[in-house]
Amino acid sequence: METVENIKAPVHALVCFHDAETARAMSETAAFLAFSGSENSSITFLHLTDEDIEPVHSVNEDEYQSKAFKTLVGKFDKNKFSVRTFIKKTNDHITEVKRTIKEQNFNLLIYGMNNKNITPALCSRLSKLKGDPTISELEIKDHFKPNEWLMMNRVSDLFNLNSVTTCVFINNNLRGLNRFFVPILGTTDAKVLPSTVTRFARKENAEFMIWDAIGAIDKDQKLQKFYNTFQKVTDDKVFLWDTDKKIEVDFILLQDLCIMGVEGWNKLVRTNLPWIEYLPSTLIIKSKTT
């Protein structure tokens, strides 16, 4: 397990998106995930578009990078990281992502989407329909608009890219990275979340609320050690939610970024919890499996 004190492995992140607003929103998150180690790392921003591009089109990197991103990377040794930006016309995002990963050996994929295109409610409806063995795939498709069906299948295809750790970032008007909500709802969440959360430890004045719904921290000594160390590194600004208390909408509205494993996300959208539709911008992670 990657520890708070010892992040070394270089990260070469491919950050894909369809619009500049989403890119700006997730650029600071991408920087923390890629540039928190001690080795040379890189971020490649890739704007995937279905519009025609002139052969001599010049990419304006400022369109894709937030002020927070620029401030953060400005503090790093410029010899230790690189940032590149490209724009590519394609009608098939998944094929293009697969090709780019294979050609350039990225080890982290972050795919950004706007919450206007995919919501917990849509994912919940899809999950419940797929859980009904009496409904065929074609019948399920009829319950969604074409763009909704496209986006949800795109997410599914992305999480099937087992060769790299994959993150789906759902932008919900992200304005800062100060309050992090970290639910642990499944056993794989307990394994994938610590290394991701660790990389946000250098964020000044950040607070982390961990909702350990399955009691994983009490059961796992390594996870307990991680939690204790993380508390020290963040000046005791990491907290455990009291599972005897209900999570209310007011609390969720105060959060900036929700960080979840894909198992936890799948479990969460199957519940009827009233605050799901109010989730802030969300980062959903699946570790590489091959």
Check: Going from NZ on Lys225 to CG on Asp220, what distance comes out if it is rounded to the nearest 0.5 angstrom?
Finding: 12.0 Å
Next item on the list: For Phe86, enumerate each residue passing the ring-ring contact (aromatic ring centres under 6.0 Å, His included) test, keeping only those at least two apart in sequence or located in another chain.
Entry: none
Item checked: Under the side chain to side chain contact (heavy atoms under 4.5 Å, CB included) test, residues paired with Gln65 that sit two or more places apart -> Phe45, Glu61, Phe69, Lys70, Val83, Thr85
Next item on the list: Measure the CD-OG1 distance between Gln231 and Thr229 for me, rounded to the nearest 0.5 Å.
Entry: 9.5 Å
Next item on the list: Would you mind reporting whether Ile87 and Tyr64 have side-chain heavy atoms less than 4.5 Å apart?
Entry: yes
Notebook entry, point to check: How many angstroms lie between CG in Asn178 and CD in Gln255, if you round to the nearest 0.5 Å?
Noted result: 10.5 Å
Item checked: Side chain proximity check, Phe169 to Val15, heavy atoms < 4.5 angstrom -> no
Next item on the list: Report the residues that fulfil side chain to side chain donor-acceptor pair (under 3.5 Å) with Lys141, sequence neighbours left out, ordered by chain and then residue number.
Entry: none
Item checked: Partners passing side chain to side chain contact (heavy atoms under 4.5 Å, CB included) against Lys75 (at least two apart in sequence or in another chain) -> Thr71, Glu204
Item checked: For Phe180, all residues meeting ring-ring contact (aromatic ring centres under 6.0 Å, His included), sequence neighbours excluded -> Phe200, Phe208
Check: side chain to side chain contact (heavy atoms under 4.5 Å, CB included) with His93: which residues, sequence neighbours excluded?
Finding: His18, Leu48, Thr90, Tyr111, Arg154
Margin query: Quick test of your reading: applying ring-ring contact (aromatic ring centres under 6.0 Å, His included), list the pairs with at least one residue in residues 115-134, sequence neighbours left out, ordered by first then second residue.
Written below: none
Next item on the list: Give, for atom CE of Met26 and atom CG of Asn171, the distance between the pair rounded to the nearest 0.5 Å.
Entry: 9.0 Å
Next item on the list: Indicate the atoms forming the closest heavy-atom contact of Ser66 with Arg24, along with that distance.
Entry: CB-O, 3.4 Å
Margin query: For the CG atom of Asn160 and the CD1 atom of Ile94, what is their distance to the nearest 0.5 Å?
Written below: 9.5 Å
Item checked: side-chain contact (heavy atoms from CB on, under 4.5 Å) between Gln224 and Asp218, intermediate numbers included -> CA-CA 7 Å; Gln224 180 70 60; Asp218 287 337; 4.0 Å; yes
Check: Which heavy-atom pair separates Phe32 from Arg202 by the least distance, and what is that distance?
Finding: CE2-CG, 3.4 Å
Item checked: Pairing residues for Glu96 by the salt bridge (charged side-chain N to carboxylate O under 4.0 Å, His left out) criterion, not counting sequence neighbours -> Arg99
Item checked: Heavy-atom pair of closest approach, residues Phe144 and Leu122 -> CE2-O, 3.9 Å
Notebook entry, point to check: Are Trp265 and Ile170 side-chain neighbours, meaning at least one heavy-atom pair lies under 4.5 Å?
Noted result: yes
Margin query: Is the shortest side-chain heavy-atom distance between Leu46 and Cys16 below 4.5 Å?
Written below: yes
Notebook entry, point to check: Does Glu277 reach the main-chain N or O of Ala121 with its side chain, forming a donor-acceptor pair under 3.5 Å?
Noted result: yes
Notebook entry, point to check: If we only count heavy atoms from C-beta on, is the Val11 to Arg199 side-chain gap below 4.5 Å?
Noted result: yes
Margin query: Please enumerate all residues that pass ring-ring contact (aromatic ring centres under 6.0 Å, His included) together with His12, with sequence neighbours excluded.
Written below: none
Notebook entry, point to check: Where is the tightest heavy-atom contact between Val168 and Leu158, given as atom of each residue plus distance?
Noted result: CG2-CD1, 4.2 Å
Margin query: Contact between Val197 and Val238 at the side-chain level, heavy atoms closer than 4.5 Å - yes or no?
Written below: no
Check: How would you list all residue pairs meeting side chain to side chain donor-acceptor pair (under 3.5 Å) that involve residues 180-190, not counting sequence neighbours?
Finding: Thr188-Glu263
Next item on the list: Output all residues satisfying ring-ring contact (aromatic ring centres under 6.0 Å, His included) with Phe106, sequence neighbours left out; order by chain, then residue number.
Entry: none
Notebook entry, point to check: How are the rings of Trp275 and Trp211 set relative to one another: parallel (under 30°), tilted (30 to 60°) or perpendicular (over 60°)?
Noted result: perpendicular
Check: Which residues pass the side chain to side chain contact (heavy atoms under 4.5 Å, CB included) test with Ala216, sequence neighbours left out?
Finding: Ile184, Ala190, Asp212, Ile214, Leu223
Margin query: Would you say that more than 12 heavy atoms from the other residues, nucleotides or ligands in this model lie under 6.0 Å from the CZ of Phe251, or not?
Written below: yes
Checklist line | Spacing of Leu268 atom CG and Met260 atom CE [to the nearest 0.5 Å] | finding: 4.5 Å
